[in-house]
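Below is one structure; the comments refer to it alone.
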Amino acid sequence: MIFDKKLIPKNVQEYNELYNYSITKPESFWSEVAESFIWKKKWSKVLKYDFNKPKFEWFCNGKLNITENCLDRHVKNNPEKTAIIFEPNKPDDQTVHISYKELHAKVCSFANVLKNNNVKKGDRVCIYLPMVPELAVAVLACARIGAVHSVVFAGFSSTALAARINDASCKMVLTSDGSFRGNKTIDLKSIVDEALNDCDCVDSVIVLNIINSGITLKNNEKWWHEELNNVNDDCRAEIMDSEDPLFILYTSGSTGKPKGMVHSCGGYMVYSSYTFKNVFDYEDDDIYWCTADIGWITGHSYIVYGPLLNGATTLMFEGVPSYPDFGRFWQICEKHKVNQFYTAPTAIRALAKHPVQLVNKYDLSSLKVLGTVGEPINEEAWDWYNENVGKAKCPIVDTWWQTETGGIMITSLANVTDGKPTFATKPMMGIQPVLFDENAKELDDNNKNGILGIKYPWPSIARTIYGDHKRYKNVYFSAYPGYYFPGDGAFRDDEGNYRITGRVDDVVIVSGHNLGTAPIEDAINMHDNVVESALVGFPHDVKGNALYAFVILKDDNTSNDIVKEINDLIAKTIGPIAKPDKIQVVSGLPKTRSGKIMRRILRKIASGEKEKFGDISTLLNPEVVKSILDGKI
Ligand code: 7RM
């Protein structure tokens, strides 16, 4: 274990004591945690911050390279230990075990490929790859040489990819000829080709051969395996300042433009690893599996960095939960004797729809800890997970956090603090949540709903939005000066447990994907016959939320294919995940006098409410509500 025993609470009392220490003496506490790592030069000050600017600096003037902590240190102590288990899409294909020593060599070799292709410290590299080990290798190779990785989920469309490449002026793109997903192969390379028609910043592309598609590459494109022929596996780790950027990861916002959250080297290293150890109660020989994609923050922090920093064995799965059948997750748990299993409520709800026989036929006795992330988990899903997967003997950690927070913020700690169904429960050490009432005053009493805020900085808070610090300040630090505002509502019970109630802004979580409504509306509005649109979420028993689009057309009678055409536009500009379940043509949208769409009303209509809309007299056009209700689908 990389942490001193005194930093790892073993029971509720120790958690309470350590938590109190962490918030009364945060600098001493985090300094002790940071001592657990290999620094090339120690920090001179633990924390400097200013909520007004806003500016946060952790482990100031400390020098390090995160890959030395992920790799070199474990190669020294335990070279043969498995770092990554790769489980391919098809159950019959070969599983791969990559030891720390092998991973170190792969990362160093590929870091040399990056250098040979003129990537330097501070350059941005876009990574658009499916869930194969090379994705983890690429991420770490960037970190090795101080290049800033920007991983884009390989389910995003060419338009979404191009926007992200351009926003960060990425110099290089790492991709593959294609990917395997269930019984399909996906032609990733042509998505990249299309994106690159709109990107002038990209000098070169390196292509991993996965599906043997036999494509020919252009002049500035190279095959991954051929590039590896030109290098050795010796690569010095670049010396990074604690505050140097480690990566950019995009998340949706309430305007059309995605926000490139920037994370730094030192604070992110300390927080992602410390939370991994405590939340999942990871022990030395455990096999840990997080089913997320590395294209999301969950994959960054809890497939790659958190586990590797702890010297853990982390499983990467290329495929989908439904192929070859809905028992695939459990088959993998049995096959690899998985000890910690971390997934999303949407996956649980989808699997719970299928016969429980698909779970019961596998031996899940290796499981010790279950986790959920991404959205609130409803009681039925929690019960199903607990009874059928955990056999009522595994603690379930419901982990609340965000791309912006870098690591888990509110959760129970497996085998230490108690879980409570539908509650994320208690703050992580060092995290000070508060609830605000409608007057933006801190709520002191319990059993209340409020808006969630965080009172004090923590090491892995995103440092800025890439290229737009003003927006960073506006979105996260303006609503409640002196606090971080995550955009979620919460309820706090008598014991101080938090239940996250959902977004309070215009982001909808569909199947665990954080979708901004604004960019999807922008896509709908691109249709020639669309005048205006409004998109809201409504509860859905599998996806958590689904999307409902209300659209005003120029000419109602022209095309019967409007629904299909809008869906195609959305799939092309954002990705298929953003397609609404329902698209209703309306004559008008409920608006305030200042012209703002009253989404509150649309949300109610979408979720089936017929009468109780509260006060609609402030609307410019109250009559429109009835007409939308009459046409509801
Ligand atoms: C890790 C991740 C962040 C948003 C967040 C919430 C929602 C995440 C939970 C949750 C209830 C949870 N990052 N959310 N975890 N809601 N309970 N345990 O998902 O940036 O993609 O999304 O997700 O609304 O603000 S994210």
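Numbering of ligands and ligand atoms starts at 1, following listing order. Note that these values count all heavy atoms, side chains included, but never hydrogens, waters or copies made by symmetry.
Residue-to-ligand polar distances keep T372 apart from ligand 1: every N/O pair is separated by 3.5 Å or more. Looking at I500 next to ligand 1, no N or O pair under 3.5 Å apart turns up.
Residue contact annotation: G487 has no non-hydrogen atom under 4.0 Å from ligand 1.
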task = Just do the salt bridge (charged side-chain N to carboxylate O under 4.0 Å, His left out) check on K259 and D468 with the steps written out, would you?
result = CA-CA 9 Å; K259 298 175 290 194; D468 200 347; over 6 Å; no
key: Evaluation steps, ring pair (Phe, Tyr, Trp, His ring centres under 6.0 Å), between F56 and F51   = CA-CA 8 Å; F56 306 97; F51 269 102; 5.3 Å; yes
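Between W384 and W330, the ring planes are tilted. Angles from 30° to 60° get that label.
Atoms of ligand 1 found under 4.0 Å from any heavy atom of T298, numbered from 1 in the order shown, are 1 (C). Distances below 4.0 Å separate heavy atoms of T399 from the following atoms of ligand 1: 9 (C), 12 (C), 15 (N), 18 (N). Listed by number with element, the atoms of ligand 1 under 4.0 angstrom from any heavy atom of V373 are 1 (C). Here is the list of ligand 1 atoms found below 4.0 Å of a heavy atom in D398: 12 (C), 17 (N), 18 (N). For ligand 1 and I297, the ligand atoms under 4.0 Å from any heavy atom of the residue are 1 (C), 13 (N).
With a 6.0 Å radius and a threshold of 12 heavy atoms from other residues, nucleotides or ligands, K470 has its NZ atom at or below the threshold.
Every salt bridge (Lys or Arg N to Asp or Glu O under 4.0 Å) that E521 has, sequence neighbours left out, goes to R599.
There is no side-chain donor-acceptor pair under 3.5 Å between T403 and Y250.
At a heavy-atom cutoff of 4.0 Å, ligand 1 is contacted by the side chain of D488 but not by its backbone. Contacts between E375 and ligand 1, counted as non-hydrogen atom pairs separated by less than 4.0 Å, involve the backbone only. Here A424 has no heavy atoms under 4.0 Å from ligand 1, in either its backbone or its side chain.
With respect to atom 21 (O) of ligand 1, the closest heavy atom belonging to the protein is N514 ND2, 3.6 Å. G374 O, 3.2 Å is the protein heavy atom nearest to atom 7 (C) of ligand 1.
The option with the heavy atom closest to atom 1 (C) of ligand 1, from among W400, W401, W296, is W401. Relative to atom 20 (O) of ligand 1, the option among I408, T405, T403 with the closest non-hydrogen atom is T403.
Of the residues Y342, Y302, F341, the one that meets the ring pair (Phe, Tyr, Trp, His ring centres under 6.0 Å) test with W289 is F341.
Sorted by first then second residue, the salt bridge (charged side-chain N to carboxylate O under 4.0 Å, His left out) pairs that include residues 451-461, not counting sequence neighbours, are E442-K455.
Side-chain rings of Y483 and F485 stay apart, their centers remaining 6.0 Å or farther from each other. Under the 6.0 Å cut-off for aromatic ring centres, H263 and H300 do not qualify, their centroids lying 6.0 Å or more apart.
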